Amino acid sequence: MTHTLLQPFDPDHNAQWYPALRSADLRHQKAIGVYCGSRPVVIVRPEAGLVFALDDRCTHRQVPLSRGVVSGT
């Protein structure tokens, strides 16, 4: 199996913190799609646990994860 990055890895760019949205705008069991630069990202706050961010792309169907439903953790 071969893994391919969609964008080249840039250690200087990825080592930075970027504001994406206000914490008050992210409710439990909610996913919100945002852009960090030109990269689409989904930010998720599960019912329990920490907020996390992923590429906003389903690896199976290539659709935005932000259009889905948050279930579990």
Side-chain angles (χ1 to χ4, degrees):
M1 175 183 259
T2 304
H3 297 282
T4 306
L5 293 173
L6 293 179
Q7 298 176 354
F9 179 71
D10 177 0
D12 293 328
H13 177 75
N14 290 325
Q16 303 295 320
W17 286 95
Y18 295 96
L21 75 147
R22 296 176 332 134
S23 179
D25 294 335
L26 186 60
R27 294 173 284 146
H28 289 285
Q29 296 300 100
K30 181 71 177 165
I32 297 180
V34 297
Y35 281 89
C36 288
S38 62
R39 186 178 194 157
V41 174
V42 62
I43 300 177
V44 180
R45 179 175 295 192
E47 191 62 41
L50 300 174
V51 172
F52 61 93
L54 303 163
D55 285 329
D56 194 7
R57 179 183 53 86
C58 171
T59 58
H60 300 96
R61 297 192 179 227
Q62 305 301 310
V63 296
L65 291 173
S66 58
R67 293 187 183 178
V69 176
V70 178
S71 176
T73 57

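These numbers were taken from a predicted model, which means no experiment stands behind them. Residue numbers run from 1 in the order of the sequence given. Excluded from the calculations below are hydrogen atoms, water molecules and symmetry mates; all remaining heavy atoms, backbone and side chain alike, are included.
Partners of Ser23 by side chain to side chain donor-acceptor pair (under 3.5 Å), not counting sequence neighbours, listed by chain and number: Arg45.
In the hydrophobic clustering, where aliphatic and aromatic side chains (Ile, Leu, Val, Met, Phe, Trp, Tyr) are joined below 4.5 Å either directly or transitively, Val70 groups with Val42, Val44, Phe52, Leu54, Leu65.
Between Ile43 and Ala20, the closest heavy-atom pair is CD1-CB, 3.5 Å. Ala53 approaches Val41 most closely through the heavy-atom pair CB-CG1, 3.7 Å. Closest heavy-atom contact between Gly33 and Ser66: N-CB, 3.5 Å.
The side chain to side chain donor-acceptor pair (under 3.5 Å) pairs that include a residue from residues 25-35 are Arg22-Asp25, where partners are two or more places apart or lie in different chains.
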